[in-house]
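The structure appears right after this line, and notes come after that.
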Amino acid sequence: MIKENLEKIRTVIPQGVTLVAVSKTKPISDVQEAYDAGQRIFGENHALEMRDKHEALPKDIQWHFIGHLQTNKIKYIIPFVTLIHSIDTANLLEAVNKEAKKHDRVVDCLLQFHIAQEETKFGLDMEEARQLLDSEAFKQMQNIRICGVMGMATFTDDEDEIRKEFKHLKSIFDTLKQEYFSGQSQFKEVSMGMSDDYPIAIEEGATLIRVGSKIFGPRNYN
Ligand SMILES: *Cc1c(COP(=O)(O)O)cnc(C)c1O
């Protein structure tokens, strides 16, 4: 099933959009099955789970961290993580930079923005992002690289609302590109869209989509 699901999604993804297969809570055997079907980019939202999967699975997998990252867990993922989607405070970015320096790495990161109506979703607003990007501390950070933005839409059936939120994230990306990252080719990613809304996200300019249950089936959190 995993293979068929992947193939179905791949046929509708245009060039320039990259699929992150979100394997959180799923067993190693499921990740291996997706790997055997050609998938190389996986997303996880718990640091220790991601570390354990990284240790058990082929080393050409690119691991993307997509969940809320606690500073005391950064150390578990910095040696190997490919992209952190979920930088939601200046403190977190600073802590990632510090840990990356210990490993002599430059770690790619996205700034997560709060675009949904729900209070519970993490993320920066534009003012916080400007403060971060204007800060002297940010200018000193040599071991992180900001590659774009990430956001999660409201959990709703209202497609117009979802589309509006994705448009908002894309406009944040465009503004930051112009004001802070013009001419910097690494700043190119808009991470948005999940199993139920990735087609809308693609229409609105996503470059990374994060799809879990449409590949691996529903999650069981018990
Ligand atoms: C779980 C998760 C996804 C994938 O969700 P699905 O609805 O299963 O596709 C995408 N992004 C983030 C940040 C997640 O936590």
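Keep in mind that the numbers below use all heavy atoms, side chains included, and drop hydrogens, waters and symmetry copies. Indexing begins at 1, ligand by ligand and atom by atom, following the structure's order.
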Task: Residues E94 and K98 bridged, charged N to O under 4.0 Å - done: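 Judged by the 4.0 Å cut-off on N to carboxylate O distance, E94 and K98 do not form a salt bridge.
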Open item on the list: Under a 4.0 Å threshold between the charged nitrogen and the carboxylate oxygen, would D197 count as salt-bridged to R163?
Closed with: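 Judged by the 4.0 Å cut-off on N to carboxylate O distance, R163 and D197 do not form a salt bridge.
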Task: F187 ring center near F173 ring center (under 6.0 Å) - done: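 That pair passes the under 6.0 Å test.
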Task: Side chain, backbone, both or neither: the part of M152 lying under 4.0 Å from ligand 1 by heavy atom - done: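 The part of M152 near ligand 1 is the side chain, not the backbone.
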So is [X] polar-close to ligand 1, meaning N/O to N/O under 3.5 Å?
X: V22; answer: no
X: S195; answer: yes
X: K214; answer: no

Run the numbers for me: atoms of ligand 1, each under 4.0 Å from some heavy atom of [X], listed by number.
X: R210; answer: 4 (C), 9 (O), 10 (C), 11 (N), 12 (C), 13 (C)
X: V211; answer: 9 (O)
X: G212; answer: 4 (C), 6 (P), 8 (O), 9 (O)

Task: Residue-ligand contact R219/ligand 1, heavy atom below 4.0 Å - done: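 Under 4.0 Å: yes for R219.
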Open item on the list: Main chain of A95, side chain of T71: is a donor-acceptor contact present, judged purely on distance under 3.5 Å?
Closed with: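 It does not hold such a pair.
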Open item on the list: Return the NZ to NZ distance between K188 and K177, rounded to the nearest 0.5 Å.
Closed with: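 The NZ atom of K177 is 9.5 Å from NZ of K188, to the nearest 0.5 Å.
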Task: Between CD1 on residue I41 and CZ on residue R210, distance to nearest 0.5 Å - done: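 I41 CD1 to R210 CZ: 13.5 Å, rounded to 0.5 Å.
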- [ ] Classify the angle between the aromatic ring planes of W63 and F42 as parallel (below 30°), tilted (30 to 60°) or perpendicular (above 60°).
- [x]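 Ring orientation of W63 relative to F42: tilted.
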Heavy atom of the protein closest to [atom] (residue, atom name, distance):
atom: atom 5 (O) of ligand 1; result: M194 CE, 3.5 Å
atom: atom 2 (C) of ligand 1; result: K24 NZ, 2.5 Å
atom: atom 12 (C) of ligand 1; result: I66 CD1, 3.5 Å

Open item on the list: Within a 6.0 Å radius of atom NZ on K101, are there more than 12 heavy atoms belonging to other residues, nucleotides or ligands?
Closed with: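 At most 12 heavy atoms, drawn from other residues, nucleotides or ligands, come within 6.0 Å of this atom.
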